Amino acid sequence: MHKKITFQLNGKSVNCEVDVRQSLLDLLRSQLGFTGAKKGCGVGECGACTVLIDGQPIDSCIYLAVWADGKAVRTIEGIAQNGALSKVQQAFVDEGAVQCGFCTPGLVLTTTALVESGQEFTRDELKRELSGHLCRCTGYQNILHAAEQSLGHKCACKEGHQAEAPAVGECQSK
Amino acid sequence: MYDIKNYVEATSVAEATALLAQNPELRIIAGGTDVLIKMQHGSLVAAELLSIRSISALTNITMAEDGIIRIGALASFTLVHQNKLVEANLMALREAALSMGGPQIRNVATIGGNICNGVTSADSAPILFALDAVLKLENASGSRLVPITEFYRGPGQVALAPDEMLTEIQIEPASYVGCGSHYIKFAMRNAMDIATLGVAVVCRVKDGCFDQVRIGLGVAGPTPLRCLEAEAYAVGQPVNQATIGQIGQLALNSTRARTSWRASKEYREHLVTELTQRALKVAIVRAGGAELA
């Protein structure tokens with residue numbers, strides 16, 4: 001059973017015929033060739049498949065492709081503009097927040113959504129907002145730093161992660 | 001590929017209930033965070049799905065002039081958490097909404113789906129029990145109201161006929177006006193975890209005594225439940241440590257906890273007595289009562 005859908009993918013209109021049994025993740029990876037979103041657990045626990053739908057992070061493995069009809073979908077492929085890393089991507093590089101890289105696309109997208117929300121977040125709130133992503137290289141500290149740098153926070157530790165903006169609590173790292 | 005045999009979409013309640021009347025095999029899918037995972041695990045096969053996610057009218061949260069708060073069944077946990085009416089009146093529901101899953105799940109999972117899934121660990125259930133929430137169930141020929149305390153029939157079983165759908169959760173003013181509430185989710189992780197025990201408490205304090213206490217528990221039995229014996233005891237008792245200690249003890253009499261890989265029966269029972277007291281202490285202050293040491 002197939003259905004025609006139209007949606008925005010990283011700002012470009014896409015028309016395609018999708019199998020109703022297909023997840024959005026499968027559509028993106030197998031049919032459209034956007035392999036930035038990863039398939040980790042397949043049950044919405046690890047966050048590796050995170051994409052933004054109308055600006056909100058969702059797990060694309062448990063989101064049917066037909067549901068994308070009429071929506072604006074953003075994947076990691078749409079974050080860098082004209083070959084230049086976004087502020088969030090640069091922060092992940094600067095803070096060494098990438099190890100094996102499997103969780104990175106999802107984390108960059110969720111952090112991008114937080115930045116674009118225009119809201120302020122305390123460190124505890126940031127931890128909660130990033131809690132839908134598992135990093136098995138155990139790099140959370142640097143990921144938190146990267147998220148804080150993306151949001152313009154000053155880290156309370158001595159390494160001088162970014163200047164200006166509100167301090168958000170003690171930095172645990174050395 | 002998910003094992004989907006048939007997939008139809010409805011854009012209104014009338015359309016959805018008409019489709020359900022035609023085909024009782026249809027299974028409703030909203031956020032999909034339970035249904036799709038069941039399919040992934042193989043416990044739901046050759047599914048005939050009716051998607052109701054396009055019925056945008058069911059995402060509203062409103063308060064009527066008479067004070068009844070109506071939560072659309074398709075309100076996502078993110079919407080419930082961010083809603084001003086919920087924040088101002090139903091603090092424990094707000095806490096419960098934020099305790100569920102992680103951000104990506106909360107953005108799609110719906111409060112109605114959480115209830116209709118029928119599991120005892122549903123994070124929205126203990127507080128909806130404690131708020132005496134009423135569920136509006138609709139079919140092609142009309143609607144009926146069912147108290148949530150009568151909705152759960154057993155693990156994964158709810159009083160929803162094959163041709164019915166949950167459209168709205170109603171909370172009467174008598175259940176929340178002048179009350180304080182608190183929800184404690186006890187789990188192994190701070191996020192992305194299923195509750196080992198969930199405790200929701202609603203109370204009202206008058207002249208230093210409990211005017212009303214309502215306690216909803218999740219994972220303390222095969223379904224969410226209320227602690228009626230403890231609640232009856234509490235009425236008129238002075239708000240002090242001795243009273244809440246006794247409430248915690250009596251709460252245990254309403255439970256049917258069991259041992260699972262998450263926790264033993266004994267551990268869960270300990271959690272019931274302890275967390276009921278801790279939740280009460282917070283709820284008392286929110287209800288305008290004095291803080292207990």
Side-chain angles (χ1 to χ4, degrees), chain A residues 1-3 5 18-27 30-31 37 39 41-71 106-107 109-111 113-114 117 119 121 124-134, chain B residues 1-9 11 29-56 59 74 76-79 81-82 95 97-110 113 185 187 189-194:
Chain A
M1 193 176 167
H2 287 74
K3 206 168 171 274
I5 64 167
V18 298
D19 192 314
V20 297
R21 300 172 301 168
Q22 210 170 17
S23 68
L24 177 60
L25 179 65
D26 285 343
L27 172 70
S30 308
Q31 203 168 318
K39 187 163 191 174
C41 67
V43 288
E45 287 178 7
C46 75
C49 66
T50 300
V51 301
L52 303 185
I53 299 227
D54 293 343
Q56 284 194 319
I58 63 106
D59 293 318
S60 64
C61 70
I62 51 170
Y63 191 96
L64 291 180
V66 290
W67 296 346
D69 193 26
K71 302 271 199 282
L107 276 161
L109 285 164
T110 295
T111 307
L114 297 178
S117 75
Q119 293 173 25
F121 298 90
D124 281 346
E125 284 167 346
L126 261 186
K127 283 183 179 172
R128 194 185 66 213
E129 293 299 328
L130 299 176
S131 66
H133 298 272
L134 297 184
Chain B
M1 291 276 182
Y2 285 101
D3 189 2
I4 299 169
K5 195 171 98 183
N6 185 15
Y7 178 87
V8 289
E9 277 174 356
T11 53
I29 187 165
T33 56
D34 282 314
V35 171
L36 292 177
I37 287 164
K38 278 178 192 165
M39 298 175 81
Q40 196 73 269
H41 289 159
S43 61
L44 175 62
V45 296
E48 296 195 51
L49 299 181
L50 166 62
S51 169
I52 58 169
R53 53 187 298 121
S54 305
I55 310 178
S56 54
T59 59
L74 292 179
S76 69
F77 279 79
T78 298
L79 282 177
H81 168 243
Q82 293 174 345
E95 293 165 334
L98 192 59
S99 77
M100 205 282 293
Q104 297 99 313
I105 301 291
R106 289 196 288 273
N107 283 339
V108 289
T110 66
K185 174 177 182 168
R189 301 183 78 246
N190 289 331
M192 296 305 296
D193 203 355
I194 310 279

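Order of the sequence lines fixes the chain letters, A, B, ..., with proteins taken first and strands second; residue numbering starts at 1 for each chain. As the structure is a prediction and not an experimental result, all values here were calculated from the model.
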Given Gln40(B), Arg189(B), Gln104(B), the one with more heavy-atom pairs under 4.5 angstrom with chain A than any other is Gln104(B)
Interface moiety of Asp26(A) toward chain B, non-hydrogen atoms closer than 4.5 Å:
side chain
What part of Leu36(B) lies closer than 4.5 angstrom to a heavy atom of chain A: side chain, backbone, both or neither?
side chain
Under 4.5 Å to a heavy atom of chain A? For Met1(B) that would be both
For His81(B) and Glu95(B): C-alpha separation, side-chain torsions, deciding distance, then whether side chain to side chain donor-acceptor pair (under 3.5 Å) applies.
CA-CA 7 Å; His81(B) 168 243; Glu95(B) 293 165 334; over 6 Å; no
Can you list the residues that meet the side chain to side chain donor-acceptor pair (under 3.5 Å) rule with Gln56(A), with sequence neighbours excluded?
Asn107(B)
Measure across Ser131(A) and Gly102(B) and return the closest heavy-atom pair with its distance rounded to 0.1 Å.
OG-CA, 4.3 Å
Identify which part of Thr78(B) has an atom lying under 4.5 Å from any heavy atom of chain A, answering side chain, backbone, both or neither.
side chain
Going by heavy atoms in the side chains, are Ile29(B) and Leu50(B) under 4.5 Å from each other?
no
Counting heavy-atom pairs under 4.5 Å with chain B, which one of Gly44(A), Ala113(A), Gly47(A) comes out on top?
Gly44(A)
Do you know which of Thr50(A), Thr110(A), Val66(A), Asp59(A) has the most heavy-atom pairs with chain B at a distance under 4.5 angstrom?
Asp59(A)
Ignoring hydrogens and angles, state whether a donor on the side chain of Ser51(B) or Glu9(B) is under 3.5 Å from an acceptor on the partner side chain.
no
Using a 4.5 Å cut-off on heavy atoms from C-beta on, say whether the side chain of Leu114(A) contacts that of Leu126(A).
yes
Around atom CG of Asn190(B), are there more than 12 heavy atoms of other residues, nucleotides or ligands at under 6.0 Å?
no
Among Met192(B), His41(B), Met39(B), Arg53(B), residue most engaged with chain A (heavy-atom pairs, under 4.5 Å):
Arg53(B)
Side chain, backbone, both or neither: which part of Ile53(A) has a non-hydrogen atom closer than 4.5 Å to chain B?
neither
